[in-house]
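Read the structure below first, then the notes.
For reference, positions follow the sequence shown, starting with 1. Numbering of ligands and ligand atoms starts at 1, following listing order.
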Amino acid sequence: MTLTELMETLPYGPAPEAAQSALDWIQAHKGRFQLFIAGRWRKPASQEWFTTLNPANSQPLAEVAQASAADVDEAVKAARKAFASWSQTKGHVRARYLYAMARQIQKHARLFAVLETLDNGKPIRETRDIDIPLVARHFYYHAGWAQLMESELAGYGPVGVVGQIIPWNFPLLMLAWKIAPALAMGNTVVLKPAEFTPLTALLFAEICQQIGLPPGVVNIITGDGKTGAALVEHPGVDKIAFTGSTEVGRLIRKATAGSGKKLSLELGGKSPFVVFEDADLDSAVEGVVDAIWFNQGQVCCAGSRLLVQESIAEKMYAKLRARMEKLRVGDPLDKAVDIGAIIAPVQLQKIQRLVQKGVEEGARLWQPSWAVPAEGCFYPPTLFTDVAPASTIAQEEIFGPVLAALTFRTPEEAVRLANNTRYGLAASIWSEDINLALDVATQIKAGTIWINSTNLFDAASGFGGYRESGFGREGGKEGLWEYVKKTARAPRAKAVAGKTRAAQPAPAVPPIDRTAKLFIGGKQVRPDSGYSKVVYDPDRHPIGEVGLGNRKDIRNAVEAARGAFESWRKTSGHNKAQILYFLAENLSERAEEFARRIAQQTGQDGAAEVEAALEALFTAAAWADKYEGVVHNTPIRNVTLAVPEPIGVMGILCPDDQPLLALARLAATALAMGNTLVVVPSPLAPLTATDFYQVLETSDIPAGTFNLVTGERDELAKTLAEHDDVDALWYAGPQAGWALVEKASAGNMKRTWTLPASGPLPDLDETLRQATQVKNIWVPYGA
Ligand code: NAI
Ligand code: MG
């Protein structure tokens, strides 16, 4: 090749990163790793081992222990033992340990990066410049929260022993996302890395030893799904945090249902990448590269659906194909490689199968002219155009370097297409018009929105899903709530005296003439079943009748709530507050009647409860325009807006005590946050709720916003839990019912909140959080 030719083509020469130090580290362990339990290395009770490979050349790297249920038990015991003192360790001391972890990771950054690339197959450019720096950042950031916990999370303490199960796509980064907040809040952990990528977690275990972390605070157990399942089922675990496939997430939701274990799930996605005609197209093309070819597309929030405005679609595709032709796939240790190896043959086959399906379903396939290396696990960047919105490749998570492109004409259509998925993890929006971009950002149902950017992550920003992408957040202050629970209860405002009915004697001849109806879509309706049931007072005297609602009534109520949601969501906080104040005003007009009714049903002091309920309505109204988000301090020229949003259609099954206060505290708070509701009153005191809809009718609550169905609690709860158009469910009732609703809600992965049938109502801060989900909107700037 002449010098001139060389100057014209500028071919890349190999620029490999040396692997020796990582291989030496493996060798120092004689190529075989035990379990890290109570600060020591232990042989697995099973005496079983498995091999982890380098996906770039299919060569074995090391043997790793397969933890059995007995080993899981040992690890949980060690974590429990350590919890006693770790939970009492001062925040400042915990901060020092987290700080030490961050420092050690930085000091050994290249070793971690190379080891990660060897075990996972992702390009060294990514492990070196993205994964490992973010890991260190995560530990630093959470060292700060450990330091601040006492003042900023007053009244909260750790949950206990946390079981953490992570996937193979960002092995060390997911470890950091899990371990840093858990330890910061005073929990101890048992973490199971993915079976394809255990090595960096084991190197991290050594760091725990080096910094003198007390034994048992962090335990690392390797193994496959069986090990994960044993951890999930272990009764000594107080919380499970999982990242991985929606299928396994669903299994875990069912396995933990009713156990009282706290749960957070970060699952799959099919995130839209929306390009409007006024976007900076060259930037958008680079964005696509980061969105779908970062980490070979094996990213839960990968921008795997390109939605492009019709007027610029062909131009965008042409630029994209030209860019794809120049991407380099190959040895992940080569510093000039863009796309590395796919994690394993099974994943490669899944990609191939779904691409084949795309072709069969009529989409147009395009791949670059060059071939990927024959040895190892590689797949070329792939573009599908002419993709039908309902086709498999537009709906299913491929988890590979495959992009499905669809076109739209108007912003409304873009939003509809973007939301045409069961997932809701992330979205990327490209437009030079900030009005349009932010308007669309508020309408896309996803936990993270990037404007003119994509795949930005930081410890200060929360990350997590809407819908079937899971629930819970990692990062930001919002992520801390997953790892704490209330320690001290705030004194109850205006405690309702647990007195007798003497205060408000029930009328001697109770009225049984009026049969209450259901309240659906702003109208009083008779139950579909045509049955009513008698309501009794605590002495078993009949005091009225309510309709016996069934599945059909619930379906109608959900439909009404769904229909009302968009406009209620968009109603300003100020107007929502006005409506709630008006409701309080109308309720106070009828205070005596309500007080009598409460006393009659519960034998408690009705007047005090009405007072408390009025105050609770005022509180809900007050929060309607004050429950604000924050601007996260992410370290680029950027504002990251953490915005609390309503969850959507919520089912609320009310507790038995304080029927009016429960409505005011639970339902009104949920309404204030912009949700629309299907409320099922307690079977013991439903008449307060049926009286309440009459107050609603005279207030300005829009039809369908608040719907009421009376009937058998668990039957209606099950229907609500199974309903795919219900986004969240609050269930107050007996403990057996908790398992029922948690299990039945796994279908669409709705958020559930289970509460005791009676006793004090939950605190307001928790109620507000349960009524909202945080969306993080990243808006980079720079002229
Ligand atoms: P997976 O969900 O099976 O694995 C994730 C983790 O869960 C691993 O540590 C695994 O050992 C563990 N696990 C598996 N079965 C379990 C069980 N029954 N109970 C408890 N833990 C269990 O994911 P897999 O099989 O590696 O990948 C399959 C598909 O999942 C991918 O093609 C991709 O579509 C999706 N996926 C999504 C991820 C995300 O970040 N959203 C990450 C990894 C996979
Ligand atoms: Mg491996």
Arg467/Asp724 salt bridge by N-O under 4.0 Å criterion: no
Of the protein's non-hydrogen atoms, which lies at the shortest distance from atom 21 (N) of ligand 1, and what is that distance? Gly228 CA, 3.5 Å
Mind checking whether Phe170 has a heavy atom under 4.0 Å from ligand 1? no
Measure the distance from atom 2 (O) of ligand 1 to every protein heavy atom, then report the residue, atom name and distance (to 0.1 Å) of the closest one. Ser245 OG, 2.7 Å
If the threshold is 4.0 Å, N to carboxylate O, is there a salt bridge linking Arg253 and Glu742? yes
List every atom of ligand 1 that sits less than 4.0 Å from any heavy atom of Gly268, numbering the atoms from 1 in the order shown and giving each element. 41 (N)
What protein heavy atom sits nearest atom 7 (O) of ligand 1, and how far away is it? Phe242 CE1, 3.2 Å
Are the aromatic rings of Phe204 and Phe139 close, with centres under 6.0 Å apart? yes
Within a distance under 2.8 Å of the Mg ion (ligand 2), the protein atoms of type N, O or S are Thr52 OG1, Leu53 O, Asp119 O, Asp119 OD1, Phe196 O
Once you restrict to heavy atoms under 4.0 Å, what part of Val299 touches ligand 1? Side chain, backbone, both or neither. neither
Output yes when Asp727 and Arg751 qualify as a salt bridge under the 4.0 Å nitrogen-oxygen rule, no when they do not. no
Indicate the ring-plane relationship of Phe36 and Trp41, choosing parallel, tilted or perpendicular according to the 30° and 60° boundaries. tilted
Only heavy atoms of Lys350, strictly under 4.0 Å: list the atoms of ligand 1 that pass. 29 (C), 31 (C), 32 (O), 33 (C), 34 (O)
Under 4.0 Å from ligand 1, counting heavy atoms only, is it the side chain of Glu195, its backbone, both or neither? side chain
Please list, in number order, the atoms of ligand 1 under 4.0 Å from a heavy atom of Glu397. 33 (C), 34 (O), 35 (C)
Element-labelled atoms of ligand 1 that are located less than 4.0 Å from some non-hydrogen atom of Gly244: 2 (O), 37 (C), 38 (C), 39 (C), 41 (N), 42 (C)
Please state which protein non-hydrogen atom is closest to atom 14 (C) of ligand 1 and give its distance, to 0.1 Å? Gly225 CA, 3.5 Å
protein heavy-atom neighbour closest to atom 43 (C) of ligand 1 works out as Pro167 CB, 3.5 Å
Quick test: of every protein heavy atom, which one is nearest to atom 40 (O) of ligand 1, and how far off is it to 0.1 Å? Cys300 CB, 3.3 Å
Donor-acceptor pair, side chain of Asn419 and main chain of Ile444, under 3.5 angstrom: no
With heavy atoms under 4.0 Å as the rule, classify the contact between Ile166 and ligand 1 as side chain, backbone, both or neither. backbone
Please report the closest heavy-atom contact between Asn219 and Ala38, naming both atoms and the distance. OD1-N, 2.8 Å
Which of the atoms in ligand 1, numbered in the order shown and given with their element, are less than 4.0 Å from a heavy-atom of Leu267? 41 (N)
With a 4.5 Å cut-off on side-chain heavy atoms, are Leu134 and Ile132 touching? no
Can the ring centres of Phe112 and His108 be said to be less than 6.0 Å apart? no
Would you call Lys357 and Glu396 a salt bridge, taking side-chain N to carboxylate O under 4.0 Å as the test? no
Taking only heavy atoms of Ile165, which atoms of ligand 1 are found under 4.0 Å from at least one of them? 6 (C), 7 (O), 9 (O), 12 (C), 20 (C), 21 (N)
For Thr117 and Thr127, does a side-chain donor sit closer than 3.5 Å to a side-chain acceptor? yes
Looking only at heavy atoms, is any part of Asp224 under 4.0 Å from ligand 1, and if so is it the side chain, the backbone, or both, or is it neither? backbone
Which of the numbered atoms in ligand 1 are under 4.0 angstrom from any heavy atom belonging to Ala194? 9 (O)
Going by the rule ring-ring contact (aromatic ring centres under 6.0 Å, His included), which residues pair with Tyr423 if we only count those two or more places apart in sequence or in a different chain? none
Closest protein heavy atom (residue, atom, distance) for atom 25 (O) of ligand 1: Trp168 NE1, 4.9 Å
Any Lys/Arg nitrogen of Lys178 or Glu474 sitting under 4.0 Å from an Asp/Glu carboxylate oxygen of the other? yes
Grab the two heavy atoms, one from Ser304 and one from Leu403, that are nearest each other, plus how far apart they are. O-CD1, 3.6 Å
If you have a sec, work out which protein heavy atom is nearest atom 38 (C) of ligand 1 and how many Å separate them, to one decimal? Phe399 CZ, 3.4 Å
Flag the pair Phe170 / Phe294 as yes when their ring centroid distance falls below 6.0 Å, and as no otherwise. yes
Is Leu191 close to Val218 at the side-chain level, that is, under 4.5 Å between some pair of heavy atoms? no
Within reach of ligand 1, part of Gln298 (heavy-atom separation under 4.0 Å): neither
